[in-house]
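Not measured: the values here are computed from a predicted model.
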Amino acid sequence: MKGYKKYVRQYFRPEGAQSEWVRREYVDKAPIWCSVDLRDGNQSLIIPMSLEEKLEFFELLVKVGFKEIEVGFPAASETEYEFCRALIENDLVPDDVTLQVLTQSREHIIKKTFEAIDGAKNAIVHLYNSVSVAQREQVFKKSKQEIIDIATFGAKLCEEYRQKASGNIMFEYSPESFTGAEPEFSLEICNAVSEIWHPTPERKVIYNLPVTVSHSMPHVYADQIEYMCKNLDNRDGIVVSLHPHNDRGCAVADSEMGLLAGADRIEGTLFGNGERTGNVDIITLALNMYSQGVDPELDFSDLPAITEVYERVTRMHVYERQPYSGQLVFAAFSGSHQDAIAKGMKYREEHNTDVWTVPYLPIDPTDVGRVYEADVIRINSQSGGGGIGYILETRYSHVLPPKMRAAFAYYIKGISDHEHRELLPDEVYEIFKRDFVNLETRLRIPEAHFRQEPDGITATVTIELDGEVSVKTAFGNGRLDAVSNALKRALGNIYTLDTYMQHALEVSSQSSAASYVGIKDENERLEWGVGIDSDIIMSSVYALVSAVNRLLTKD
């Protein structure tokens, strides 16, 4: 691909990086979560949310369990200012939830920001300015010291306004474009801000180290975070926060490795909405932890409801393959996948285990509000007997013999392939009933009477074939065998019995019986029929008649 030589590495890996974070196996506790849906997420929408939509989204974030929510840049627009005021004046912020507001290092903006949060019980004032080499040289045309001066100027003003304000106000500073700056410079500017804000364990300061633009592989970012965590002054009074964007598709990996490297906090959005390729998807991060047996301390137990609100108020669409939340992420179309899932589910039931190890499903879909039959097993031309059999068994109580299950799967796949579409479970069942159950096309058996003999059964069977009625008597080792032998007298020896299986469809005194019969023609080709009746004997007769009708129809 032409043009690659114009790209240079714009990141700086700390000299002598030890990468001690690599020794940690997984993120073992939930970070402090901060949703930036109402700021970063909202500003990236084609049509930003209205005040009413923002209020609804805020309520959703609170319900999910976020304790820190960035609600906007109050000085940037009247809508964002009014939203902040509406939350405070209408007492919509729970006592354990902190509002976060964004500000640049300019006095009129800082003044407006503090006016916006007046009366808030808990607030975070988030100050930022860009520090990357590209921003310094191309946008601001300023030296490192001049960039530090911008940060410290804003930090001093924030402290002055905090002295006059009421409520519990915490500070956050972001060296924007952190990943494009020298780590030692980012450290210098953060420590310069600390000299003004004086972080302590009792009054902590947040240093947010964003992947404003993703330049490197995630391990480099983790090394940068580890360097900052080890070298920041007053580390016990500092909350190290991450704010990864997804330019390289690495936001989740950046976040997880950054947490391993010592970070304490994550800023992100639901479903990863945000500028360009978006912010880190907090749902994915949280459920990744959940799948490792770690409580994420956020409630995503009803992802369909969360998705509905998100799509409606943002006018965005959750991609069908979005981890955990996409419509198809638990769906298995592949026959081998369906078979493994069905067997895994049966194993759990038989062993009564609380541990989740079902093949192909990293978490239990019901934990996030999904339904096994509707979401997990999907039927199309790629499906197999295991999945189709699982649907018939779990939804409709039909346990097909293994050979019939395979044959019916090919039958359904052929229909799906011909129609070039997915078949819904109810459609599969309707096809099953229409084409296999209690068929009376060319052949009917209106009556069958049985007499017990010392060594078997004699059946007297009324047979109606293409409208002509005859009565045949035959002996067999059981009722079905006797009826079959009577049929052969009427039809000729065009088949042999191969398989018979039956079970109750419902556990009750009024239960129906389902019978499955497989017959082989002269060419050893199997044909199947199903019978359903309250009488187990008649259900087996109907199954045989159905199989023979299918054989006669093909002939």
Side-chain angles (χ1 to χ4, degrees), residues 385 388-389 391-393 395-415 427-448 450 457 459 461-470 472 474 476-506 511-555:
I388 293 170
I391 283 178
L392 286 177
E393 181 175 349
R395 288 180 73 112
Y396 309 107
S397 301
H398 279 280
V399 184
L400 275 58
K403 286 191 285 187
M404 183 184 182
R405 186 175 62 191
F408 183 64
Y410 278 109
Y411 189 77
I412 289 296
K413 286 163 65 173
I415 294 173
E427 292 180 288
V428 172
Y429 186 51
E430 287 304 314
I431 293 168
F432 176 73
K433 291 192 297 182
R434 180 193 72 197
D435 295 351
F436 290 86
V437 178
N438 292 4
L439 299 182
E440 294 183 329
T441 49
R442 294 183 60 187
L443 172 70
R444 292 180 62 240
I445 294 183
E447 288 185 72
F450 303 98
I457 297 288
V461 183
T462 302
I463 299 170
E464 183 180 327
L465 178 64
D466 295 331
E468 295 187 9
V469 178
S470 62
K472 303 293 181 182
N477 57 20
R479 286 174 171 79
L480 182 63
D481 188 47
V483 171
S484 177
N485 290 334
L487 269 180
K488 288 177 183 179
R489 289 190 175 185
L491 302 172
N493 291 317
I494 63 171
Y495 73 88
T496 57
L497 275 173
D498 179 82
T499 303
Y500 168 62
M501 193 179 88
Q502 59 83 23
H503 64 78
L505 281 178
E506 301 166 351
S511 65
S512 295
S515 296
Y516 310 88
V517 168
I519 60 175
K520 282 186 177 178
D521 66 10
E522 296 169 342
N523 299 314
E524 296 292 302
R525 182 186 63 183
L526 263 173
E527 197 56 77
W528 293 93
V530 181
I532 298 176
D533 194 80
S534 58
D535 183 284
I536 185 65
I537 302 303
M538 291 312 299
S539 77
S540 65
V541 171
Y542 293 152
L544 174 62
V545 170
S546 296
V548 173
N549 270 314
R550 287 182 57 80
L551 182 62
L552 292 173
T553 301
K554 287 190 176 181
D555 290 343

Inset, instruction - Would you please name every residue forming a side-chain hydrogen bond (donor to acceptor under 3.5 Å, both in side chains) with Ser539, sequence neighbours left out? - result: Ser515
Inset, instruction - To the nearest 0.5 angstrom, please state how far the CZ atom of Arg395 sits from the OH atom of Tyr429. - result: 11.5 Å
Legend entry - Flag side-chain contact, heavy atom, 4.5 Å: Ile412 against Ile431: yes
Legend entry - Side chain to side chain, Ile445 and Leu544, heavy atoms closer than 4.5 Å: no
Legend entry - Set of residues satisfying side chain to side chain contact (heavy atoms under 4.5 Å, CB included) with respect to Ser397, sequence neighbours excluded: Leu505
Inset, instruction - Please check if the side chain of Asn549 supplies one atom and the backbone of Leu439 the other of a donor-acceptor pair under 3.5 Å. - result: yes
Legend entry - Any residue meeting side chain to side chain contact (heavy atoms under 4.5 Å, CB included) with Asn477, in chain and number order, not counting sequence neighbours: Asp481
Inset, instruction - Find the distance between CG (Leu487) and CD1 (Ile519) and round it off to the nearest 0.5 Å. - result: 9.0 Å
Legend entry - Euclidean distance, Leu551 CG relative to Leu443 CG, rounded to 0.5 Å: 10.5 Å
Inset, instruction - Could you name each residue pair satisfying side chain to side chain donor-acceptor pair (under 3.5 Å) that touches residues 487-501, not counting sequence neighbours? - result: Lys403-Asp498, Ser484-Tyr495
Legend entry - Residue list, side-chain hydrogen bond (donor to acceptor under 3.5 Å, both in side chains) with Asn438, at least two apart or on another chain: none
Inset, instruction - Spell out, as yes or no, whether a donor-acceptor pair under 3.5 Å connects the side chain of Asn523 to the backbone of Arg525. - result: no
Legend entry - Thr553 side chain reached by Arg550 side chain, heavy atoms, under 4.5 Å: no
Legend entry - With sequence neighbours excluded, residues passing salt bridge (Lys or Arg N to Asp or Glu O under 4.0 Å) with Glu447: none
Inset, instruction - Output all residues satisfying ring-ring contact (aromatic ring centres under 6.0 Å, His included) with Phe436, sequence neighbours left out; order by chain, then residue number. - result: Phe408, Tyr411
Legend entry - Sub-4.5 Å side-chain heavy-atom contact between Ser470 and Glu468: no
Legend entry - Sequence neighbours excluded, every pair satisfying salt bridge (charged side-chain N to carboxylate O under 4.0 Å, His left out) that has a member inside residues 537-548: none
Inset, instruction - Without swapping roles, check the side chain of Arg442 against the backbone of Val548 for a donor-acceptor pair under 3.5 Å. - result: no
Inset, instruction - Could I get the full list of salt bridge (Lys or Arg N to Asp or Glu O under 4.0 Å) partners for Glu393, not counting sequence neighbours? - result: none
Legend entry - Closest non-hydrogen atom pair, Val530 against Met404: CG2-CE, 3.4 Å
Legend entry - side chain to side chain contact (heavy atoms under 4.5 Å, CB included) against Ala459, all qualifying residues, sequence neighbours excluded: Phe450, Val461, Ala482, Val483
Legend entry - Rounded distance (nearest 0.5 Å) linking atom CZ of Arg479 with atom CE of Met538: 11.5 Å
Legend entry - Counterpart residues, side-chain hydrogen bond (donor to acceptor under 3.5 Å, both in side chains), relative to Arg444 (two or more places apart): Glu464
Inset, instruction - With rounding to the nearest 0.5 Å, note down the distance linking NE2 in His503 to OH in Tyr516. - result: 3.0 Å
Legend entry - For Val437 against Ser546, the heavy-atom pair lying closest together: C-OG, 3.9 Å
Inset, instruction - Grab the two heavy atoms, one from Ala547 and one from Val517, that are nearest each other, plus how far apart they are. - result: CB-O, 3.9 Å
Legend entry - Pairing residues for Lys433 by the salt bridge (Lys or Arg N to Asp or Glu O under 4.0 Å) criterion, not counting sequence neighbours: Glu430
